[in-house]
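Working notes, structure below.
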Amino acid sequence: MKQLNLIPLGGIGNVTKNMYLYEYEGSILIVDCGIGFPDPSMLGVDLLIPDITYLKDKLSQIVGMVLTHGHDDHIAGLPYILPQLGTKFPIYGSPLTLGFAKDRLKEYGIQADFQNLPQKPIKLGPFTIDNLFMTHSVPDARHLIIQTPETTVYHGTDFKLDLNPVDGRRPDFLKIGAWGNRGIDVMLCDALNSEQVNYSLSESTLTDMFEREIRHVPGKVIITVMSSNIHRVQQAVDVAVGHNRKVAFVGRSVESNVRTAQDLGLLKLPTKHIVNIRAINKINPKNLCVIIAGSQGQTGSSLTRAASGEHKFVTINPEDKVIFASEAIPGNEQNVYATIDTLSRTGADVTYSDIDESVHVSGHSSSIEMKLLMSMLQPKHVIPIGGTYHHMIEFRRHARSLGFPDKHIHLLENGQVVEIDQGKVSTSKTIELKNIMVDGLGVGDVGNVVLRDRQQMKSDGMVAIVVPIEVQTGKIIGDIEVISRGFVYMRDAQDLIDQIKQATKDTVKSHQGIVTDWQDLRRRIEKTVLSLIVNQLNRQPLVMTVIIEV
Ligand SMILES: [Zn+2]
């Protein structure tokens with residue numbers, strides 16, 4: 001029985017964490033390897049990755065991996081997943097996708113066999129894989145056509161049909177039409193914006209927005225974007241330079257992605273107008289534009305530090321303007337709004353999508369474009385991906401309107417196996433998947449963090465500070481408790497303990513950020529107390545803060 005199995009390990013029902021397996025005759029092809037974002041209940045968890053237990057005893061069957069585009073929920077799982085899979089297979093992608101993927105792996109010192117996707121089909125084991133240009137909110141994105149001798153699947157991951165893309169590379173409609181003519185058995189289709197009825201706006205509309213927003217600003221212009229959205233960066237730079245402003249890039253993700261895209265010729269920067277962050281204080285604010293990381297209000301990002309007056313180079317003043325040319329990823333709203341609040345307190349003019357919807361356009365297709373793509377491809381079966389359940393239900397409504405019978409529209413769960421045999425589709429099997437959480441500090445290496453903590457405990461013990469805080473006011477209510485193990489004999493160290501308590505009180509009092517952002521407050525207390533101990537005793541115990549909400 002020569003059947004093709006499609007197994008989503010992630011990317012269905014929860015928007016992110018994209019990873020799909022294609023299994024045929026004992027060979028496995030992997031599409032994408034993304035991370036997911038934890039919900040607020042997963043305290044201390046930094047990210048989620050797909051559960052690859054299913055692959056553990058099939059490593060030798062993996063013939064290769066193809067990455068569709070450079071978003072984190074499609075590539076950022078690589079540093080965690082590749083070491084478990086071994087890296088003996090090739091990983092294909094477009095130049096920018098691979099550029100971003102390489103940057104991800106470089107931080108971890110992991111090597112991989114990266115190969116550029118050519119414009120013609122490639123062979124990986126029994127799979128023939130063709131690709132075509134597609135437009136999305138990151139440049140150089142691709143859709144895939146995955147074939148076995150019996151079956152053709154259109155892998156229509158994140159897309160919109162942008163007719164005026166910033167780089168002029170429109171979706172390859174001819175190739176889509178040609179594949180429609182040859183026949184598609186199953187089409188996977190990005191369903192995230194299935195509730196939207198109006199054709200999505202072109203990325204290039206942002207130029208007019210930047211023109212309008214930048215023109216009359218008396219001070220600095222500070223723009224924050226998703227750092228992978230190179231076309232938005234390009235438009236911001238072009239408009240800023242047109243208004244006689246120098247441009248500085250601030251923040252690790254922005255600097256790294258800009259460098260990669262520039263090296264590949266996908267971002268064109270007027271070099272003499274680009275300035276180093278260290279030089280910005282010499283420039284008249286009315287001649288300066290800062291493009292800064294932190295559009296999701298991430299704790300410790302350049303933008304949040306600038307907002308709370310803690311950035312070494314970037315200050316925010318009342319005559320400045322801050323533009324959020326972005327949108328909060330679901331789950332990040334609290335952090336984004338808190339950052340907007342903190343920025344607003346500086347007196348600067350802050351623009352974001354709630355007050356001016358033109359500052360952001362979605363990278364995903366509306367129902368019109370989904371229907372267009374389905375009409376061009378005329379697949380026998382359709383599967384909505386990349387959305388939650390209500391997006392899939394809405395997608396089904398649109399598919400029905402095109403004449404698809406319900407038994408040809410398949411709403412899946414992650415782990416649900418799609419068995420495709422002679423054009424027939426069955427979805428009765430499911431493999432069990434767990435939530436795999438990665439717990440570490442920021443983008444740091446989890447293993448290293450854990451090891452460092454253990455090392456510290458072993459040599460210098462640990463100190464725990466228990467701080468009772470009233471949620472409404474953010475003030476300490478009651479007594480701070482200091483507990484230590486293997487650090488100092490507490491009865492002989494009353495003086496030090498009093499100082500630790502005082503330093504904790506001072507830190508809580510000066511905490512200007514979000515009242516309920518305990519993670520940030522905890523880190524600040526730990527930093528202050530540690531430096532106090534280092535100064536007094538020249539020892540480095542592990543310092544932990546426990547905040548108790550009262
Ligand atoms: Zn995407």
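Given the structure is predicted, the values throughout are model-derived calculations rather than measurements. When a ligand or atom number is given, it counts from 1 through the structure's own listing order.
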Task: Step-by-step side chain to side chain donor-acceptor pair (under 3.5 Å) determination, S200 to E369 - done: CA-CA 8 Å; S200 62; E369 295 144 85; 2.8 Å; yes

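Remark: the Q416 side chain and the T430 side chain contain no N/O donor-acceptor pair separated by less than 3.5 Å.
When each of E23, E419, E413 is tested with K429 by the rule salt bridge (charged side-chain N to carboxylate O under 4.0 Å, His left out), just one qualifies, namely E419.
Remark: D103 pairs with K106 by the salt bridge (charged side-chain N to carboxylate O under 4.0 Å, His left out) rule, at least two apart or across chains. For the side-chain hydrogen bond (donor to acceptor under 3.5 Å, both in side chains) test, residues two or more places apart in sequence or in another chain that qualify with D162 are S202.
For residues 175-188, the pairs satisfying salt bridge (charged side-chain N to carboxylate O under 4.0 Å, His left out) are D130-K175, D185-K380, with sequence neighbours left out.
Near the Zn ion (ligand 1), less than 2.8 Å away, sit the protein N, O or S atoms H69 NE2, H71 ND1, H136 NE2, D158 OD2.
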